[in-house]
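One structure is given below, encoded as structure tokens.
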Amino acid sequence: MRVRAPVGALASNVEVTATTVQRGDIIQVGGRPCRVGNLFQLSNGAKQLLFESGELLTIHARTRLAAVRMTRRR
């Protein structure tokens with residue numbers, strides 16, 4: 001999957017947790033970039049991430065992942 005930045009957007013590297021992950025974040029899993037399409041809250045602060053490609057990833061409340069977040073240029 002080739003991920004392109006929208007015109008007028010800035011990409012920034014961020015560390016995400018189950019609390020801070022957002023739709024649109026791009027997380028590299030197994031060497032492939034995966035964009036978060038939807039989030040589901042689970043018990044004990046965990047979240048299940050549904051990527052646009054259809055894969056699921058469940059992260060624990062203390063899981064820390066590196067991600068790319070697109071922000072709009074002002």
Side-chain angles (χ1 to χ4, degrees):
M1 173 172 102
R2 176 161 246 182
V3 180
R4 292 189 178 197
V7 175
L10 296 173
S12 58
N13 293 324
V14 294
E15 183 177 82
V16 296
T17 64
T19 305
T20 62
V21 66
Q22 299 176 0
R23 285 184 185 94
D25 284 351
I26 301 168
I27 300 170
Q28 191 164 357
V29 179
R32 293 182 40 214
C34 299
R35 186 184 306 264
V36 178
N38 209 348
L39 306 163
F40 302 98
Q41 184 69 46
L42 302 175
S43 62
N44 297 327
K47 280 200 180 152
Q48 190 173 53
L49 311 180
L50 174 61
F51 295 117
E52 290 179 348
S53 57
E55 289 100 345
L56 291 171
L57 176 68
T58 302
I59 58 175
H60 185 270
R62 294 184 183 169
T63 302
R64 296 187 184 280
L65 300 169
V68 174
R69 184 170 288 162
M70 306 308 280
T71 56
R72 292 182 183 244
R73 202 181 287 179
R74 292 180 187 203

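Computed from heavy atoms alone, side chains included, the values below leave out hydrogens, waters and symmetry copies.
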| said: If you define the side chain from C-beta out and look only at heavy atoms, does anything of N13 sit under 4.5 Å from V68? | reply: yes
Across all chains, not counting sequence neighbours, the side chain to side chain contact (heavy atoms under 4.5 Å, CB included) partners of L57 are V29, L49, F51, I59, L65
Output for pair (E52 CD, N38 CG), nearest 0.5 Å, gives 10.5 Å
OG1 of T17 to CZ of R64, rounded to nearest 0.5 Å, is 6.5 Å
Is it true that V14 and I26 fall in one hydrophobic cluster, defined by side-chain heavy atoms closer than 4.5 Å? no
When rounded to the nearest 0.5 Å, the distance separating SG of C34 from CG of L56 is 11.0 Å
So salt bridge (Lys or Arg N to Asp or Glu O under 4.0 Å) across residues 16-28, not counting sequence neighbours, yields D25-R69
Scanning both residues in full, the closest heavy-atom pair of K47 with L42 reads C-CD1, 4.1 Å
Between H60 and A18, the two heavy atoms sitting closest are O-CB, 3.7 Å
Ignoring hydrogens and angles, tell me if any N or O in the side chain of Q41 forms a donor-acceptor pair with the backbone of A46 under 3.5 Å.
yes
Tightest non-hydrogen contact, residues G31 and P33, listed as O-CD, 4.0 Å
